[in-house]
Amino acid sequence: MKRTAFRRKAARLSAVAAVAALALTGCSRTPGDGSAPTAGHRVRDLTYAEDLRVSDAEQRLVARCMARHGFRYWTDRPLTLAESRPLGYVQDDVDWARTYGYGSRITAKEDRARLRNPNSAYREGLGATRKAAYDSALDGGRQARLLRTEVPGGGRVSKRTGGCDAEAERTLYGDPGTWFRLDTTASNLRPLYVGELLHDRRFTAAVHAWSACMQRAGHPYPDPDAARQATREHPAVQTRAEEARSFAAETRIAVADATCARAVSLRSVGQDREAHYLARLDGEYGARLDAYRQVRLTALGRAEQIAPART
């Protein structure tokens, strides 16, 4: 069960998993940059800024609901809009890289906020009876409804939903079962084509061009993930001086990475090839993906009445 307000859907992953789980460009959860329909789809997806606004609205709804049940609940907005930007396989924003590198300090900031999350401390301070009531109010506790659905490519997943979490989702997305099915479909399409994408001739040619550019810049890495992983090769615990040096090195590599990605159009090539492989799935999943996007757009309209845009 969820005990904190941290529900960021975009995880920082590595290697093949990063491409499978995140957009190549890190701009949206489904293929494309979130600004227009992709492949044969008529409905656009949300931008990451819009996605954050929906997430913020969901937390506010949970807090209001918990207050009605007699409990305090703190919403979290530890990151700015720029800091919340998802980091995809391709990152070609040089200014962002110059400021944030690959986001190590953002991750550290999130970790600190998570450790200090007042909801966890508040729950732990409750007596046994009130704690059980808190859990039931938040997510339904042991009586939460179990949802099940199929995963694209095979297999089944399930989740429990209830309490204020379910109420907030219902307010934004409508029927919980329908939303769970649509969200599961949209979130699990990349594994169906990521292998082909990573070996696509045009995409690999662009990655090789990126690698050659990085070599000339003094950073000999075969692909963006290797460059990113190299910046994490330091002790987990560092002094301030060591962290400053590590971040300076991270920033240099990230800036070169973004500069080379822009120089060889790695982002646009990746988007084009991803759209190509996604289009092959239209017959089986296109209608559901459009339905997913439409539900998200509807949720955004509702969220705009609940939470301000993050800045």
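Residue indices begin at 1 and follow the sequence shown.
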Checklist entry - Can you get from L182 to V157 by hopping between Ile, Leu, Val, Met, Phe, Trp and Tyr side chains that sit under 4.5 Å apart? => result no

Item to check | Basic-acidic side-chain contact under 4.0 Å: R123, D135 | outcome: yes

Checklist entry - Step by step, would you call L146 with R148 a side-chain contact (heavy atoms from CB on, under 4.5 Å)? => result CA-CA 7 Å; L146 181 64; R148 294 188 178 92; 3.0 Å; yes

Checklist entry - Do any N or O atoms from the side chain of Y100 and from the backbone of I106 form a donor-acceptor pair under 3.5 angstrom? => result no

Next on the checklist: Are more than 12 heavy atoms, taken from residues, nucleotides or ligands other than R116, located less than 6.0 Å from that residue's CZ atom?
Outcome noted: no

Checklist entry - Atom NE2 in H219, atom SG in C260: separation rounded to 0.5 Å? => result 8.5 Å

Item to check | Short N-O contact, R44 and E50, less than 4.0 angstrom | outcome: yes

Checklist entry - Regarding Q143 and S136, is there a side-chain donor-to-acceptor distance under 3.5 Å anywhere? => result no

Checklist entry - Short question: side chain of S187, backbone of T184 - any donor-acceptor pair under 3.5 Å? => result no

Checklist outcome for this item: Rounding to 0.5 Å, atoms OG1 (T231) and CZ (R252) come to a distance of 11.5 Å

Next on the checklist: Any salt bridge linking R190 with E274? Criterion: basic side-chain nitrogen under 4.0 Å from a carboxylate oxygen.
Outcome noted: yes

Item to check | Test log, rule side-chain contact (heavy atoms from CB on, under 4.5 Å), inputs L81 and T311 | outcome: CA-CA 5 Å; L81 178 62; T311 57; 5.6 Å; no

Item to check | N/O donor-acceptor pair under 3.5 Å between T259 side chain and V255 backbone | outcome: yes

Checklist entry - Between the main-chain N or O of G103 and the side-chain N or O of T107, is there a donor-acceptor pair closer than 3.5 Å? => result yes

Next on the checklist: Looking at R296 and D51, is there a salt bridge between them, counting it only when a charged N and a carboxylate O are closer than 4.0 Å?
Outcome noted: yes

Next on the checklist: Taking D92's backbone N and O only, do any of them form a donor-acceptor pair with R262's side chain (distance below 3.5 Å, no angle check)?
Outcome noted: yes

Checklist entry - Salt bridge check: are E250 and R228 linked by an N-O gap of less than 4.0 Å? => result no

Checklist entry - Same cluster for Y292 and L147 if Ile/Leu/Val/Met/Phe/Trp/Tyr side chains link at under 4.5 Å? => result no

Checklist entry - Any link between W74 and L138 through a network of hydrophobic side chains (Ile, Leu, Val, Met, Phe, Trp, Tyr) touching at under 4.5 Å? => result yes

Next on the checklist: Test your reading of the model: is there a side-chain donor-acceptor pair from R273 to the backbone of F203, 3.5 Å cut-off?
Outcome noted: no

Item to check | Flag side-chain contact, heavy atom, 4.5 Å: R288 against P152 | outcome: no

Checklist entry - Should the ring pair Y173 and W179 be called parallel, tilted or perpendicular, given that the plane angle runs from 0 to 90° and is split at 30 and 60? => result parallel

Checklist entry - Is L289 close to L278 at the side-chain level, that is, under 4.5 Å between some pair of heavy atoms? => result yes

Checklist entry - So, do Q271 and H276 sit near enough that their side-chain heavy atoms are less than 4.5 Å apart? => result no

Next on the checklist: Could you report the tightest heavy-atom contact between T251 and A97, atom names first, then the distance?
Outcome noted: CG2-O, 3.6 Å

Next on the checklist: Is it true that D200 and Y277 share a donor-acceptor pair across their side chains at a distance under 3.5 Å?
Outcome noted: yes

Item to check | I306 with V295, same ILVMFWY side-chain cluster at under 4.5 Å | outcome: yes

Checklist entry - Within the side chain of R53, is there an N or O that forms a donor-acceptor pair under 3.5 Å with the backbone of A307? => result yes

Item to check | Distance-only side-chain donor-acceptor flag, W210 / D257, under 3.5 Å | outcome: yes

Item to check | Backbone of V269 reached by a side-chain donor or acceptor of R202 within 3.5 Å | outcome: no

Item to check | Test log, rule salt bridge (Lys or Arg N to Asp or Glu O under 4.0 Å), inputs E167 and R68 | outcome: CA-CA 12 Å; E167 180 179 309; R68 293 199 306 272; 2.4 Å; yes

Item to check | Ionic contact status for E58 with R302, cut-off 4.0 Å | outcome: no

Checklist entry - Are the charged groups of R98 and D95 less than 4.0 angstrom apart, N to O? => result yes

Next on the checklist: Using 0.5 Å steps for rounding, measure from the CG atom of L46 to the CG atom of L297.
Outcome noted: 5.5 Å

Next on the checklist: Let me confirm one number: the CD-OH distance from Q215 to Y221, rounded to the nearest 0.5 Å.
Outcome noted: 10.5 Å

Item to check | Backbone N/O of S268 and side chain of S265: donor-acceptor pair under 3.5 Å | outcome: no

Checklist entry - Taking all atoms of both residues into account, what is the closest heavy-atom pair of V62 and A168, and its distance? => result CG2-CB, 3.7 Å

Item to check | Reported CD-to-CG distance for the pair Q305 and L300, which is rounded to 0.5 angstrom | outcome: 10.0 Å

Next on the checklist: Walk me through whether E124 and K131 qualify under salt bridge (Lys or Arg N to Asp or Glu O under 4.0 Å).
Outcome noted: CA-CA 8 Å; E124 289 305 311; K131 187 178 294 184; 3.6 Å; yes

Checklist entry - Looking only at heavy atoms, which two atoms of A227 and M214 are closest? And how far apart? => result CB-CE, 4.4 Å

Item to check | Distance-minimising heavy-atom pair for Y134 and F71 | outcome: N-CZ, 3.5 Å

Checklist entry - What heavy-atom pair brings P78 and K109 nearest, and what distance separates the two atoms? => result O-CE, 2.9 Å

Next on the checklist: A quick test of your reading: do over 12 heavy atoms of other residues, nucleotides or ligands sit less than 6.0 Å from CZ of R156?
Outcome noted: yes

Checklist entry - Checking salt bridge (Lys or Arg N to Asp or Glu O under 4.0 Å) for the pair D76/R114: CA distance, chi angles, key distance, verdict? => result CA-CA 9 Å; D76 78 275; R114 185 176 296 108; over 6 Å; no

Item to check | Check ion pair R85-D93 (N to O, under 4.0 angstrom) | outcome: yes

Checklist entry - Under 4.0 Å between a Lys/Arg side-chain N and an Asp/Glu carboxylate O for K159 and E169? => result yes

Item to check | Gap between atom CG of L115 and atom CD of E110 - 0.5 Å precision | outcome: 12.0 Å

Next on the checklist: One pair to check against side-chain contact (heavy atoms from CB on, under 4.5 Å): D223 and Y89. What are the steps and the verdict?
Outcome noted: CA-CA 9 Å; D223 55 55; Y89 185 77; 3.5 Å; yes

Checklist entry - How close do Q91 and A261 get, heavy atom to heavy atom, and via which atoms? => result O-CB, 4.2 Å

Item to check | Same apolar cluster (I L V M F W Y, side chains within < 4.5 Å links), Y122/M66 | outcome: yes

Next on the checklist: Between the side chains of D56 and R310, is the shortest nitrogen-to-carboxylate-oxygen separation below 4.0 Å, so that they form an ion pair?
Outcome noted: yes

Checklist entry - Under the 3.5 angstrom rule, does the side chain of H208 hit a backbone N or O of T204 as a donor-acceptor pair? => result yes

